[in-house]
Amino acid sequence: MLTERKQQLMLVINPTAGKNRARDNLFMLINYFFTHNYHVTVFPTQAKGDACNFVAEYAAAYDALVCVGGDGTLNEVVTGLMLCEPNRRPRLGYIPGGSTNDFANTLGISSDMQTAAQEFCTGEPFCCDIGRFNGRYFTYVAAFGLFTEVSYETPQPLKNTLGHAAYILEGAKSLASIKSYHLKIICDGEETEGNFIYGQCSNSTSIGGILNIGRTGVQLNDGLFEVILIHMPENLLVLNEIIGSLMTQNLENSSHIFFRRAKSVTVVAEDPLPWTLDGEAGGSFCYSQAEIIPGAVTFNLVPQKEPAALPQPEEQPEKE
C-alpha cells in the first residue's frame, strides 16, 4: 500500500561492475525493493572512493544499505560503515555484480541479482567480522606474494581442476622464477620466521579466485583470521607437496604451510612488502599489523543450511 510507511534503503551501485550488468539491472532492483516495502535512494559511484564517502556521510540516516558491485565496491561500502558510529550502522545487503565475487560466494549469496535482492529482503541478521590492516579496513583478505602478483583471469576449467593457486605453481617453470620474502610473523604471540612466497590473513572460504579453504572450518563470526603462509620450496619435490596440500586443503598437516587462526597478526619485513586488500593494492610496508573486529557489520542473509546429519544405526533389541 502507498500509505504504508516504507523503510528507507540506500542503494550504492557501481554502474560499470560486471561489464555494466549492475547498471542494466538497476530498474529491476529499484522496482523489487519498492514492492517489498522499501523507499530506495540510489547512489551511483563515479570514481574510486565514492562508495566509501557516500556511506560514511549518509548511511546512518537509512534503515538498510545495499551494495551492488564487485568485492572492491563492497570493500568501500564496509569501510564507510566502519566510519559510522557502531549503533548507527544500517544492516547491509550485497548484490554481487563484479567478475570474481569471492565474498558473495562465502556468504552464500546468489549470483543472480533478483535472487540476491530476494535473499536480502527475506534474510536474517548476521554479524560478520571485519579486518583492519595498518588503519585500513578489509572485508575478507589481506595478502602478499606470488598469487597476488598475477592476473585472476585464469580459465575457469583450470581453476575447477586444480584450484588457481595450484595452477600458478604448476606453471612455475623453475624455482628461480618464484619470489620469496624473508619475514618475521607473530600470530597472537606465536612467532615464526623464514622465507615465504605467499601469505594471507582472511575471513573467507575463497580468496580472489586463488585459494579455496572452505573445508578448513572457516567461521565468519568467530573473531579469528585464517592465517596462511607458504614457505619457499627447497626443491621441486617440496613444490609438488605444497601443490598437493593446496588441492586437498590439507593445510594443517603440511610442514611447508603455516596455518593458524588468530585475532592479531604482525608482519616484519626487511624491505617494503606489497600487500593487496580485497584484491586491490594495499600499499607496501616493512611493518604491518592486521587485527580482526568481531561482529562489526550486520549482513542480511538467508541462513546457510547445515549439512545433513548421518543416519544413526538402528538399535538392536537385546538378546534374552
Side-chain angles (χ1 to χ4, degrees), residues 1-15 17-18 21-46 49-98 101 103-130 137 139-140 220-221 293-305:
M1 295 177 59
L2 293 177
T3 57
E4 183 180 1
R5 181 193 177 277
K6 292 182 179 292
Q7 297 185 68
Q8 299 298 309
L9 187 148
M10 180 179 185
L11 186 68
V12 178
I13 180 170
N14 178 355
R21 191 166 70 95
R23 181 199 65 191
D24 295 343
N25 282 273
L26 178 58
F27 178 77
M28 177 276 292
L29 292 172
I30 294 172
N31 185 65
Y32 186 90
F33 287 127
F34 185 82
T35 57
H36 286 78
N37 203 37
Y38 287 100
H39 183 276
V40 181
T41 305
V42 179
F43 291 78
T45 64
Q46 305 296 318
D50 280 355
C52 175
N53 294 334
F54 291 154
V55 173
E57 184 169 357
Y58 300 110
Y62 287 84
D63 300 302
L65 164 64
V66 172
C67 167
V68 186
D71 290 333
T73 308
L74 179 65
N75 173 280
E76 286 197 27
V77 166
V78 167
T79 297
L81 280 176
M82 297 302 293
L83 298 176
C84 300
E85 293 294 328
N87 62 349
R88 302 192 66 190
R89 295 171 189 161
R91 64 189 186 278
L92 176 62
Y94 181 30
I95 298 179
N101 304 319
F103 201 55
N105 295 333
T106 296
L107 294 171
I109 298 173
S110 172
S111 59
D112 177 78
M113 288 192 169
Q114 182 165 332
T115 302
Q118 179 183 4
E119 290 170 348
F120 169 78
C121 292
T122 60
E124 299 175 4
F126 174 82
C127 296
C128 186
D129 303 336
I130 296 298
Y137 296 101
T139 310
Y140 69 101
L220 305 185
N221 58 353
I293 306 171
V297 170
T298 301
F299 284 88
N300 243 39
L301 300 173
V302 174
Q304 297 293 296
K305 294 181 180 179

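The residues of the chain are indexed from 1 along the displayed sequence. Only a predicted model underlies this, so the values are computations on that prediction, with no experimental measurement involved.
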> With sequence neighbours left out, what residues match T45 under side chain to side chain donor-acceptor pair (under 3.5 Å)?
Replying inline: none
>> Is the shortest side-chain heavy-atom distance between I95 and V66 below 4.5 Å?
In response: yes
> side chain to side chain donor-acceptor pair (under 3.5 Å) with Q7: which residues, sequence neighbours excluded?
Replying inline: R91
> So, for S110 and P96, which heavy atoms are closest and what is the spacing to 0.1 Å?
Replying inline: O-CG, 3.4 Å
>> Does any part of the side chain of C127, heavy atoms only, come nearer than 4.5 Å to the side chain of N221, both counted from C-beta?
In response: no
> What are the two closest heavy atoms between C84 and A59, and how far apart are they?
Replying inline: SG-CB, 4.4 Å
> Is there side-chain contact between V302 and Q118, with at least one heavy-atom pair below 4.5 Å?
Replying inline: no
> If you take all heavy atoms of G295 and D129, which pair is closest and at what distance?
Replying inline: N-OD1, 2.8 Å
>> To the nearest 0.5 Å, what is the distance between CD on E76 and CG on D71?
In response: 12.5 Å
> Does C121 have any side-chain contact (heavy atoms from CB on, under 4.5 Å) partners at least two apart in sequence or in another chain, and if so, which?
Replying inline: Y32, F33, H36, Y38
> Does the side chain of V40 come within less than 4.5 Å of L29's, by heavy atoms?
Replying inline: no
>> Treating N31 as the side-chain partner and F27 as the backbone partner, does any N or O pair qualify as donor plus acceptor under 3.5 Å?
In response: no
> Can you name the residues that form a side chain to side chain donor-acceptor pair (under 3.5 Å) with T79, not counting sequence neighbours?
Replying inline: none
> How about T139 and C128: do any of their side-chain heavy atoms sit closer than 4.5 Å?
Replying inline: no
>> Is the shortest side-chain heavy-atom distance between L9 and F120 below 4.5 Å?
In response: yes
> Could you go step by step and tell me if L26 and V68 meet the side chain to side chain contact (heavy atoms under 4.5 Å, CB included) rule?
Replying inline: CA-CA 9 Å; L26 178 58; V68 186; over 6 Å; no
>> Ignoring hydrogens, what is the shortest heavy-atom contact between V77 and V55? Give both atom names and the distance.
In response: O-CG1, 3.7 Å
>> Applying side chain to side chain contact (heavy atoms under 4.5 Å, CB included) to R89 and L65, what does each step give before you reach the verdict?
In response: CA-CA 9 Å; R89 295 171 189 161; L65 164 64; over 6 Å; no
> Looking at N300 and G123, what are the two nearest heavy atoms and their distance?
Replying inline: ND2-O, 3.6 Å
> How many angstroms lie between OG1 in T35 and CD1 in I30, if you round to the nearest 0.5 Å?
Replying inline: 12.0 Å
>> Could you measure the distance from the OH atom of Y140 to the CG atom of L107? Nearest 0.5 Å is fine.
In response: 11.5 Å
> So Y58 and F43, would you call those rings parallel, tilted or perpendicular, with 30° and 60° as cut-offs?
Replying inline: tilted
> How long is the span from the OG atom in S111 to the CG atom in N105, to the nearest 0.5 Å?
Replying inline: 8.0 Å
>> Working note: I293 + M82, criterion side chain to side chain contact (heavy atoms under 4.5 Å, CB included); need CA distance, chi angles, decisive distance, verdict.
In response: CA-CA 10 Å; I293 306 171; M82 297 302 293; 3.7 Å; yes
> Sequence neighbours excluded, which residues qualify as side chain to side chain donor-acceptor pair (under 3.5 Å) partners of T115?
Replying inline: D112
> Is there any salt bridge (charged side-chain N to carboxylate O under 4.0 Å, His left out) pair reaching into residues 51-64, and which pairs are they, with sequence neighbours excluded?
Replying inline: R5-D63
>> Looking at every heavy atom in both Q8 and H39, which two are closest together, and how far apart are they?
In response: OE1-ND1, 3.5 Å
> Quick one: does E119's side chain have a donor or acceptor within less than 3.5 Å of a partner on L301's backbone?
Replying inline: no
>> ring-ring contact (aromatic ring centres under 6.0 Å, His included) for Y94 and F103? Distances and angles first, verdict last.
In response: CA-CA 9 Å; Y94 181 30; F103 201 55; 7.5 Å; no
>> Are P90 and T298 packed together at the side-chain level, in the sense that at least one heavy-atom pair is separated by less than 4.5 angstrom?
In response: no
> What's the verdict on side chain to side chain contact (heavy atoms under 4.5 Å, CB included) for L220 and F126, showing C-alpha distance, side-chain angles and the deciding distance?
Replying inline: CA-CA 9 Å; L220 305 185; F126 174 82; 3.9 Å; yes
